[in-house]
Amino acid sequence: MSLLVVERNMTSNKKIIILCFLFKSVKSNILPFDIMERENNEISDWQGLVNKPVYSNDAQEIGIVTAIQPQHIVVSYGPITTDKYLIPKSSVKNVERGIIYLNEDTKFVEDNYRFE
Amino acid sequence: MEKSSINNQSESSTSTSTTSSSKLKTAYETFLQEAATLFPKVDQKLLLNILQFQTSYQDWEGSVMLKIIYPATISDIDAKKDWIYRKYQRVSTIEENRTLRFKAIRMYIEEMEKLLKEDPTIEYITGSATMTPSDAYAT
């Protein structure tokens, strides 16, 4: 949208201001994901993972993070009779662009982490 | 002159409230960290609800729909079910072969601590605390 504002007859100062604004808005959208990602194998902000999707290492969706507990993350799937998974924090492989990837495959997750 | 005095007053009140709110936030965050350290196996939301009910209402009867989750590798969940029956005289249901669900009364945080000490194999406890006694099928 803002790109439309950049017109030919604008002064270079105005163009620079608009480009700075665009850069800032893009940066602020990317930054929250950067904060959540691992730094030295540690996730700095676990609470920031709430409402983010979780995938197994064979690229199947497990569900959405609904709560962060001291030792686990709680993941729920489905709108009415939700399946719930209790996943140890150590099982989180990485977080990429707001998606949480696990170390285990779907079968392992279903067999070992599902509790409800 | 008057205007500047009003501005000063408003600034000082804002800075006081900011200090109060930041103090309260810090104290709350410390409290949450403490709760997580002392009860790492308990759903923090459930823990805070029980704590709130039990401290605010002296006559709260400790009505909690409790879900006790054991490791997936547990071999005999029926033995755990029997143990819960002997302890609380409540028949629990088994879910996903590792979760015991039952309606408990007098489930205060002291009781929760005792439960976790008596059975260290428990992986996690969750559920919901209710103000008034509700039926056994409530979530």
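Naming convention: chains lettered A, B, ... in sequence-line order (proteins, then strands); numbering from 1 in each chain.
Within the 4.5 angstrom heavy-atom criterion, no atom of B:Gln33 approaches chain A. For a residue to count as touching a neighbouring chain, one of its non-hydrogen atoms must lie under 4.5 Å from one of that chain's; by this rule B:Thr126 touches chain A with the side chain only.
Ranked by heavy-atom pairs under 4.5 Å with chain A, the list B:Lys41, B:Arg98, B:Lys45 is led by B:Arg98. In terms of non-hydrogen atom pairs under 4.5 Å with chain A, the most contact-rich of B:Pro40, B:Ala36, B:Pro71, B:Ala35 is B:Pro40.
Checked against the 6.0 Å centroid threshold, A:Tyr113 and A:Phe108 count as a close aromatic pair.
Applying the side-chain contact (heavy atoms from CB on, under 4.5 Å) test between A:Tyr85 and each of A:Thr66, A:Val109, A:Ile73 identifies A:Val109 as the sole match. Across B:Lys81, B:Glu95, B:Lys67, a single residue satisfies side-chain contact (heavy atoms from CB on, under 4.5 Å) together with B:Leu100, and that is B:Lys81.
Note: A:Tyr55 and A:Tyr101 have tilted aromatic rings, judged against thresholds of 30 and 60 degrees for the angle between ring planes.
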